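Working notes, structure below.
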Number of protein chains: 2
Amino acid sequence: MAMNISEKINLTETTPEDRSPEDRSMAIRESLRNAIIDRRLAPGTKLSESEVGSLFDVSRTVARAALQMLAFEGLVKTERNRGAFVSNPSPEEARQIFASRRLIEPGIVAAAVERITPEDIAEFRRQLGEEERYMNERGPAARRAEIKASGDFHLMLASVAGNVILQRFMDELVARSSLVIALYGRSGVSSCGHSEHTAVLDALEKGDGERAAKLMIHHIDHIEADLDLQVKQGLGLKDALSLA
Amino acid sequence: MAMNISEKINLTETTPEDRSPEDRSMAIRESLRNAIIDRRLAPGTKLSESEVGSLFDVSRTVARAALQMLAFEGLVKTERNRGAFVSNPSPEEARQIFASRRLIEPGIVAAAVERITPEDIAEFRRQLGEEERYMNERGPAARRAEIKASGDFHLMLASVAGNVILQRFMDELVARSSLVIALYGRSGVSSCGHSEHTAVLDALEKGDGERAAKLMIHHIDHIEADLDLQVKQGLGLKDALSLA
DNA sequence: TTTGGGCAAATCGTATGCAATCTTAGCGTT
DNA sequence: AACGCTAAGATTGCATACGATTTGCCCAAA
């Protein structure tokens, strides 16, 4: 099980202007975060400080800071004297994540309908085009990109809503949702997801916040309905298995 | 301005069973957190790594970890190569905090009404008694305790709701609200706040979630209405001033 | 008196070393 | 052959050391 994680992580994904000379731990966090939500790093994967450190050419101190941040947002779990692991959310956690989204996202939609500009709409259409493109491709890479793009739709919405606190909450919820889908997802989430995104956007464009919010709730319901949250209930064996 | 912060922090407030032999940074975070939401540490106060470290008899490493956590939940702001400071939320941030609460807390109430037990109710009544007691006392200490108790009501509600993710969001929102009230509060928040808490609890006891949620929204509106979010708008000077 | 430059103190950012803890492999016993 | 025990290896927790950056002071020059 001494599989190296190096090939799973894209070390040069920082964009030029993102290249602020500061906070390398932030960049590492971002890189690991992307790897996790892209499902290149599976739940349960161990992220040792020294390994992460040497991968990014920093000391354990910096790597540790990045892992702490990820632990704070629930993407990794740290066990004392054992290390950090990509989170393995339980079905109960999954339910709570979606319950939270059902609560927050309609509010975000309601805020977004007040502030969205034609430029935003155009940007959304571009994004939805991306989504569709990946949807029609085959292969695991396209599948990952599709899931990422699907999440980005929700994050763009939060950004348009203009509440940075809710935006941060959504960052966390979308990232953790991605983990949950990786673990419990049954089918391609997006065949339904994509059309629902366009429906929400259409309602927003017409200024119909009520309808957009309703559509968003249904959308979240559909995502959660595609999950299989029953099986792993009683065992706990699976936990140990994926942690090993 | 070289005032020592040591007298502002209660170093021995960890309860015996909280004395897990691990994660001292967590204990430090908790201690600082309480000091901030109790307003013993004013917004803008500098929290240097070495000072915090020596106060709690740990190295800068663990002090730094505690400050990072606080920065993550928005209670302190760190500036590169300058240090960490107790956050100084802007009026805009304040509005976003309360907007978020208006969105989340009705949902928490709705979840709580389904799960609340008679034991919970009794516990709430005890808590409200505390609140009233502090309300009738005079002096800054009682005032602080009153604000703390008022926030605890909301946190207990989140706990009863049974969604740990929302609970964590509320932890953050209530803590930051305390900062906002410290900065922009006009009067005693609680003379109205207390009775509103009891009203919410009464509705919950009767199982009337609709009414409880409405009452909660009004309650949040009242808290925000008590703030003076206008004055500091145009300047930006004040910001620099309070950071110095 | 005021302004500008430069030096010194303080603080942060990061690397590294040591002790403590956990895991695992090997060995002996039943 | 299975089980338990011990010791070595690996990994984290934490402290400390050193370089980098910023701040504030002081003094000189206009």
Side-chain angles (χ1 to χ4, degrees), chain A residues 1-6 11 14 19-32 41 44-72 76-87 239-244, chain B residues 1-6 11 14 19-32 41 44-72 76-87 239-244:
Chain A
M1 193 52 182
M3 168 165 39
N4 209 323
I5 66 171
S6 55
L11 292 96
T14 51
R19 250 278 144 275
S20 49
E22 50 129 328
D23 257 340
R24 286 183 287 174
S25 61
M26 213 59 153
I28 295 174
R29 165 187 172 232
E30 208 58 36
S31 193
L32 289 176
L41 290 174
T45 305
K46 167 151 193 174
L47 304 172
S48 93
E49 294 178 358
S50 16
E51 198 174 4
V52 172
S54 59
L55 263 177
F56 291 92
D57 257 316
V58 296
S59 77
R60 277 179 49 219
T61 307
V62 177
R64 186 184 180 82
L67 292 174
Q68 271 183 274
M69 291 192 267
L70 290 169
F72 223 87
V76 315
K77 269 195 165 34
T78 64
E79 296 176 36
R80 172 152 189 113
N81 280 321
R82 294 216 346 107
F85 304 83
V86 179
S87 280
D239 269 342
L241 197 132
S242 45
L243 279 183
Chain B
M1 192 51 182
M3 170 166 35
N4 211 323
I5 67 171
S6 56
L11 292 98
T14 51
R19 250 278 144 275
S20 49
E22 52 130 328
D23 255 340
R24 287 180 287 174
S25 61
M26 214 58 152
I28 295 174
R29 164 187 171 232
E30 209 57 38
S31 194
L32 288 176
L41 289 174
T45 306
K46 167 152 193 170
L47 304 172
S48 94
E49 294 178 358
S50 14
E51 196 174 5
V52 172
S54 58
L55 263 178
F56 290 92
D57 258 316
V58 295
S59 77
R60 275 179 51 216
T61 307
V62 35
R64 185 185 181 80
L67 291 173
Q68 264 186 280
M69 290 192 267
L70 290 169
F72 226 87
V76 314
K77 269 197 165 33
T78 64
E79 295 176 36
R80 174 155 186 109
N81 278 320
R82 293 211 354 101
F85 304 82
V86 178
S87 281
D239 269 342
L241 199 134
S242 44
L243 280 182

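Throughout, protein chains are lettered first and strands after them, A, B, ... in sequence-line order, and every chain is numbered starting at 1. Keep in mind that what you see is a predicted model, and the values were worked out from it rather than measured.
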Give, for atom [atom1] of [X] and atom [atom2] of [Y], the distance between the pair rounded to the nearest 0.5 Å.
X      : Y      : atom1 : atom2 : value
E30(A) : D23(A) : CD    : CG    : 11.5 Å
R24(A) : F56(A) : CZ    : CZ    : 12.0 Å
L70(A) : T78(A) : CG    : OG1   : 11.0 Å

Distance, rounded to the nearest Å, where F56(B) contributes CZ and dA15(D) contributes C1':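 So the two atoms are 18 Å apart, to the nearest Å.
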Least distance between heavy atoms, A66(B) atom then S25(B) atom: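 Nearest pair, atom of A66(B) first, then S25(B): CB-O, 3.6 Å.
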Polar atoms only, N or O, under 3.5 Å: list the protein pairs with nucleotides 9-13 of chain D and their distances.
| from | atom 1 | to | atom 2 | distance (Å) |
| --- | --- | --- | --- | --- |
| dT12(D) | OP1 | E49(A) | N | 3.1 |
| dG13(D) | OP2 | R64(A) | NH1 | 2.3 |
| dG13(D) | OP2 | R64(A) | NH2 | 2.6 |
| dG13(D) | N7 | R60(A) | NH2 | 3.1 |
| dG13(D) | O6 | R60(A) | NH1 | 3.4 |

Distance below 4.0 Å between T61(A) side-chain N/O and dT14(C) OP1 or OP2: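 No, T61(A) has no side-chain N/O under 4.0 Å of OP1/OP2 on dT14(C).
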Candidate pair I28(B) and L55(B), rule side-chain contact (heavy atoms from CB on, under 4.5 Å), full reasoning: CA-CA 10 Å; I28(B) 295 174; L55(B) 263 178; over 6 Å; no
